[in-house]
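Just below is one structure, and these are the notes that go with it.
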Amino acid sequence: MIAPAYEFRLQRFSTEEWPARTRLEAWREILSRKLIHSDVGELKENPFRVEAYMRALPGMRLGWGTFTPSRHERTREIVAQDNDDFFFLMNLEGGFLTRQARREIALAPGEAALLACSELGSYIRAETGRIVCLRFPSTAFKDVLPDAYDRVARVIPRQTESLKLLTNYAYALNGSQALVTPELRGLAVRHLYDLISLSLSASGDGAAEASERSLGPARLSAIKSYITANLANPNLSVIDVARKHALSPRQVQRLFEQTGQTFSEHVQRERLNRVYLMLTNPGEACRSIGEIVFACGFGDISHFNRAFRRRYGASPSDVRKFEAARAPR
């Protein structure tokens, strides 16, 4: 397989943009160059469709997307031209059947498995569904997981905490995560390695080190995503967030303290950012400032005005007027 350049910016691929007669061949070519070489075939009469996103980082390639019923085959000829990388497959939606290493496993939604590029295999999706696939060198776990090959084609249950965190973390590496510096890209890959290792139940000092490095950042990433999705709730509290993520309130507070801020400071900062974006968005010009403020979860206008001025050095009305004056006429 041709190793890609580090295309760390998110890339999108959709069969809706290709003629129906060329979709399978086009997808084979993209999949081969970007992630993993497979022979692709339709399973049902409906045209093959895929909506996929991919990203290449140093030591890790990521792909996730939605597929219609299809079969991906790793034949003897294909395997002979590949290397000994692993790929970690997480099934998010729909049934998924995998045959590899003389095992046949069915992955229910939320389950995952480690697979090997050096093994023949077939991967069958009988119904439309979503997956995440991470590809990385087999040497990534040589210290913390020397028996990794023994764990190939074994189901990792959906209840596994590190697997849930891994799924959230992988999805967080979306288009809004630019990863423009080598340091950020390296950190993201290390966290992915650690969470994969933990999901495979690594033992010994390596696993403890991995847990220390990545469970905290991954938990924090999941919590921040939850906060972003629930900013409009004025009653959002550290107790609610802790309960949602099976942690104590003090554990949540400690995660934020490690970043140099408190839970409350983070929530307020995110709400202020959202208000600012809405005030400077021409599409929100018909909404009053008060309406926007309450829609972003603030319950006290006076408190909001003081916090907004401290952060942006201007009042909300000044910001809106300035943006309106800049708009083209």
Side-chain angles (χ1 to χ4, degrees), residues 10 53 161 164-165 167-181 184 187-188 191 214-329:
L10 197 71
Y53 299 84
E161 182 188 12
K164 294 178 182 178
L165 292 170
T167 303
N168 289 334
Y169 194 84
Y171 253 102
L173 298 177
N174 56 27
S176 65
Q177 303 291 326
L179 300 181
V180 293
T181 68
L184 283 175
L187 182 63
H191 287 162
S214 274
L215 278 180
R219 282 193 179 116
L220 184 60
S221 176
I223 288 170
K224 285 183 175 180
S225 295
Y226 178 80
I227 289 171
T228 300
N230 291 274
L231 282 176
N233 177 8
N235 298 316
L236 181 67
S237 71
V238 67
I239 296 174
D240 297 327
V241 171
R243 185 182 300 116
K244 175 68 177 178
H245 293 83
L247 298 170
S248 71
R250 184 58 191 141
Q251 284 177 301
V252 174
Q253 289 284 19
R254 278 199 295 266
L255 287 172
F256 280 97
E257 287 167 3
Q258 290 169 9
T259 70
Q261 64 180 343
T262 67
F263 170 85
S264 298
E265 288 169 346
H266 175 79
V267 172
Q268 177 172 280
R269 186 184 185 92
E270 291 301 299
R271 283 178 170 153
L272 289 171
N273 287 346
R274 182 169 292 184
V275 170
Y276 184 90
L277 289 174
M278 293 177 73
L279 289 174
T280 56
N281 181 357
E284 302 287 349
C286 61
R287 303 179 72 176
S288 70
I289 292 175
E291 185 181 358
I292 289 174
V293 169
F294 289 123
C296 292
F298 285 101
D300 185 319
I301 290 290
S302 297
H303 169 73
F304 159 76
N305 283 328
R306 291 193 296 271
F308 190 92
R309 187 177 287 276
R310 279 197 304 270
R311 177 156 177 75
Y312 297 106
S315 70
S317 57
D318 289 340
V319 168
R320 174 170 265 184
K321 289 176 184 175
F322 178 76
E323 192 64 26
R326 293 178 58 213
R329 299 183 183 276

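The structure presented is a predicted model; accordingly, all values stated were derived computationally and were not measured. We number each residue from 1, following the sequence as shown.
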Non-hydrogen side-chain atoms of [X] and [Y] separated by less than 4.5 Å:
X	Y	answer
P316	F304	yes
N230	K244	no
F308	L279	yes
Y226	L236	yes
F298	L272	yes

Any luck finding a side-chain donor-acceptor pair between D240 and S237 under 3.5 Å?
yes

Step by step, work out the side chain to side chain donor-acceptor pair (under 3.5 Å) result for S317 and S315.
CA-CA 5 Å; S317 57; S315 70; 3.1 Å; yes

Evaluate the ring planes of H191 and Y169, with Trp represented by its six-membered ring, and classify them as parallel (under 30°), tilted (30 to 60°) or perpendicular (over 60°).
perpendicular

More than 12 heavy atoms of other groups within 6.0 Å of I239 CD1:
no

Atom CZ of residue position R269 - does it have more than 12 heavy atoms of other residues, nucleotides or ligands inside 6.0 Å?
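It does not: R269 CZ has 12 such atoms or fewer within range.
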
From [atom1] ([X]) to [atom2] ([Y]), nearest 0.5 Å:
X	Y	atom1	atom2	answer
Q268	Q261	CD	CD	10.5 Å
T228	H266	OG1	NE2	5.5 Å
E265	E257	CD	CD	10.0 Å
R254	T259	CZ	OG1	14.0 Å
L231	E270	CG	CD	6.5 Å
L255	K224	CG	NZ	10.0 Å

Does the pair F256 and V238 meet the rule for a side chain to side chain contact (heavy atoms under 4.5 Å, CB included), with working shown?
CA-CA 11 Å; F256 280 97; V238 67; over 6 Å; no

Can you name the closest pair of heavy atoms from [X] and [Y] and give their distance?
X	Y	answer
A232	A295	CB-O, 3.3 Å
A242	P249	CB-N, 3.6 Å
C296	M278	SG-SD, 3.6 Å
I301	G290	CD1-CA, 4.3 Å

With Y312 as reference, evaluate D318, N273, V275 under the side-chain contact (heavy atoms from CB on, under 4.5 Å) test and give the passing residue.
N273

List the steps and the verdict of side chain to side chain contact (heavy atoms under 4.5 Å, CB included) for Y276 and I292.
CA-CA 10 Å; Y276 184 90; I292 289 174; over 6 Å; no

